[in-house]
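Below: one structure, written as structure tokens.
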Protein chains: 2
Amino acid sequence: MELKSGILRAQLARQTGCNLETIRYYEKVGLLPDPPRSANGYRVYPPDLVQRLQFILHARELGFAMEEIRSLLSLTDTGAQTCAEVMAKTQLHLDDVRRKISDLQRIERTLSTTLAECSGENVPECAILSVLNCS
Amino acid sequence: MELKSGILRAQLARQTGCNLETIRYYEKVGLLPDPPRSANGYRVYPPDLVQRLQFILHARELGFAMEEIRSLLSLTDTGAQTCAEVMAKTQLHLDDVRRKISDLQRIERTLSTTLAECSGENVPECAILSVLNCS
DNA sequence: TCTTGAGCCTGTAGTTGCTACAGACCTTAT
DNA sequence: ATAAGGTCTGTAGCAACTACAGGCTCAAGA
């Protein structure tokens, strides 16, 4: 099969560590463009898509939601993005991450202090059950 | 409508703060039992279901997954639960919570240190974009 | 040449934990 | 008589994927 300077989906997946099906999903939701097709209908990606997909995957690792990633990409797609804009979006995401951390920390404190009150023995009375049953 | 010592779904929702539809959902997935019905087909809950639903809601607030709640309930439903069993399940959940916290903290550190490197000005160069674009 | 196996295509279903309808019934009050 | 509100059922939608099933196509080996 002749591929003038393009790669197939599995190669894109391998080069980025992305799941094969996820690539198709990102295409469906518009994070990746509809790629050109070869004569037999196979997707043929230009090599710079490796970079774009890696951008998406890195953003995902940092917990950005799809909608946030979409909006970051729409900035860079114009080529006229500014650090100020990117910072603003990132700051909002960071606020969200911090909220999640403190929610989880509150849960962590409740669980660990309650666990510390448990006898851990083969008895029906249990501090955790008391907390869950409290009205 | 005659309800011998039972309450309707909306009342159960009001008394627990639970969403109306969520009650039906918990019934469908087996956390709440199929309640008896009045002549017209309305659900009529015995009053102790308030307690059970509150147990579920408290567990959800503490981040327990449905499957974990199901397993806690199946312990208490026998009436022969032990503190040791409940502790073991709770400890597993706590481990999970702590994993999530440290994942989020890693993200938080990356985001905040990268943000600190940003100029925040109206220029295209941006530390965040560099991180997202790195290969 | 035939066949086998791998790779690609599409569409769709499943995941978790809900939430929100649509359309039909029933009850209560005016 | 009718209007407003409650209840019922089933189903669709959310995020963010992941994993099939069923059908082509392609390259390599016997």
Side-chain angles (χ1 to χ4, degrees), chain A residues 1-3 6-32 34-45 49 53 55-73 93 96-97 100 103-104 107, chain B residues 1-3 6-32 34-45 49 53 55-73 93 96-97 100 103-104 107:
Chain A
M1 231 171 102
E2 293 293 301
L3 302 175
I7 58 177
L8 293 179
R9 188 153 60 108
Q11 291 174 283
L12 181 57
R14 249 195 321 276
Q15 285 184 39
T16 57
C18 185
N19 178 290
L20 188 66
E21 299 291 304
T22 302
I23 294 174
R24 199 156 60 99
Y25 170 71
Y26 286 159
E27 180 182 319
K28 198 174 78 175
V29 300
L31 290 186
L32 293 178
D34 284 14
R37 303 294 181 116
S38 67
N40 57 19
Y42 289 10
R43 288 168 179 81
V44 182
Y45 294 98
L49 265 193
L53 181 49
F55 183 101
I56 295 168
L57 296 175
H58 286 148
R60 194 181 62 165
E61 279 166 27
L62 289 176
F64 282 97
M66 308 275 304
E67 203 42 53
E68 296 170 318
I69 299 176
R70 199 192 313 279
S71 114
L72 285 173
L73 283 171
H93 174 53
D96 192 45
V97 168
K100 281 181 180 146
D103 288 349
L104 284 171
I107 289 173
Chain B
M1 231 171 101
E2 293 293 300
L3 301 176
I7 58 177
L8 293 179
R9 189 152 60 107
Q11 290 175 283
L12 181 58
R14 250 195 320 277
Q15 284 184 39
T16 55
C18 185
N19 178 289
L20 188 66
E21 299 290 304
T22 303
I23 293 174
R24 200 157 58 100
Y25 170 71
Y26 285 159
E27 181 183 318
K28 197 175 78 176
V29 300
L31 291 186
L32 294 178
D34 284 13
R37 304 293 183 118
S38 66
N40 57 18
Y42 290 10
R43 287 166 179 84
V44 181
Y45 294 99
L49 265 196
L53 181 49
F55 183 101
I56 295 169
L57 295 175
H58 287 148
R60 287 294 302 137
E61 279 167 27
L62 289 176
F64 282 98
M66 307 279 299
E67 202 43 53
E68 295 171 319
I69 299 176
R70 201 191 313 279
S71 111
L72 286 173
L73 283 171
H93 173 53
D96 193 46
V97 169
K100 282 182 180 144
D103 287 350
L104 283 171
I107 289 173

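What you see below is based on every heavy atom in this structure, not just the backbone, and it leaves out hydrogens, waters and symmetry mates. Proteins get letters first, then strands, A, B, ... in listed order; numbering begins at 1 in each.
- The CG atom of B:Leu32 lies 13.0 Å from the CZ atom of B:Arg24; values are rounded to the nearest 0.5 Å.
- Going from atom OH of A:Tyr42 over to atom P of D:dA27 covers 9 Å, rounded to whole Å.
- Within residues 55-64 of chain B, the residues approaching DNA chain C are B:Arg60, by heavy-atom distance under 4.0 Å.
- Side-chain nitrogen and oxygen atoms of B:Asn40 include at least one within less than 4.0 Å of the OP1 or OP2 phosphate oxygen of C:dT27.
- Minimum interatomic distance between A:Val44 and A:Arg37 (heavy atoms only, all atoms of both residues): CG2-C, 4.4 Å.
- Distance check: A:Phe55 CZ to A:Ile69 CD1 gives 8.0 Å after rounding to the nearest 0.5 Å.
- Note that CG of A:Leu8 and CZ of A:Arg14 are 9.0 Å apart. Values are rounded to the nearest 0.5 Å.
- Dashed line: the shortest gap from a side-chain N or O of B:Arg43 to OP1 or OP2 of D:dT7 is not under 4.0 Å.
- Of all the residues in residues 22-30 of chain B, B:Thr22, B:Arg24, B:Tyr25, B:Tyr26 reach under 4.0 Å from DNA chain C with at least one non-hydrogen atom.
- Contact annotation: the side chain of A:Leu31 never approaches that of A:Leu53 to less than 4.5 Å [non-hydrogen atoms, C-beta and beyond].
- Note: OH (A:Tyr45) to C1' (C:dC8) measures 11 Å, nearest angstrom.
- The nearest whole Å value for the distance from the CG atom in B:Leu20 to the P atom in D:dG6 is 10 Å.
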B:Leu73 vs B:Ile56, test: side chain to side chain contact (heavy atoms under 4.5 Å, CB included). Steps then yes/no.
CA-CA 8 Å; B:Leu73 283 171; B:Ile56 295 169; 3.9 Å; yes
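- For B:Thr22, the side chain to side chain contact (heavy atoms under 4.5 Å, CB included) partners at least two apart in sequence or on another chain are B:Cys18, B:Asn19, B:Tyr26.
- The separation between B:Leu12 atom CG and D:dT7 atom P is 11 Å, rounded to whole Å.
- With A:His93 contributing its side chain and A:Ala65 its backbone, the two residues share no donor-acceptor pair below 3.5 Å.
- When the side-chain nitrogen and oxygen atoms of B:Arg37 are compared with OP1 and OP2 of C:dC26, none of them lie within a distance under 4.0 Å.
- Scanning for side chain to side chain contact (heavy atoms under 4.5 Å, CB included) contacts around A:Tyr45 gives A:Ile7, A:Arg9, A:Leu12, A:Ile23, A:Glu27, A:Pro35, A:Arg43, A:Leu49, with sequence neighbours left out.
- For the helix from C:dT1-D:dA30 to C:dT30-D:dA1, the angle separating the two terminal helix axes comes to 40°, with each axis derived from five pairs and the value rounded to 10°.
- The CD-C1' distance, from B:Gln11 to D:dG6, rounds to 11 Å in whole Å.
- B:Arg60 meets the salt bridge (charged side-chain N to carboxylate O under 4.0 Å, His left out) test with no other residue; sequence neighbours excluded.
- Atom CZ in A:Arg9 sits about 13 Å away from atom P in D:dT18, given to the nearest Å.
- Nearest-nucleotide assignment on DNA chain C puts the 5′-proximal partner with A:Ala10, out of A:Ala10 and B:Asn19.
- Distance, A:Leu32 CG to D:dA16 P: 15 Å, rounded to whole Å.
- Taken from CZ in B:Phe64 to CD1 in A:Ile107, the straight-line distance is 9.5 Å, to the nearest 0.5 Å.
- Of the side-chain N and O atoms in B:Arg70, none sit less than 4.0 angstrom from OP1 or OP2 of C:dT16.
- In the interface, the side chain of B:Glu21 is paired with the base of C:dC21 through a donor and an acceptor atom under 3.5 Å apart.
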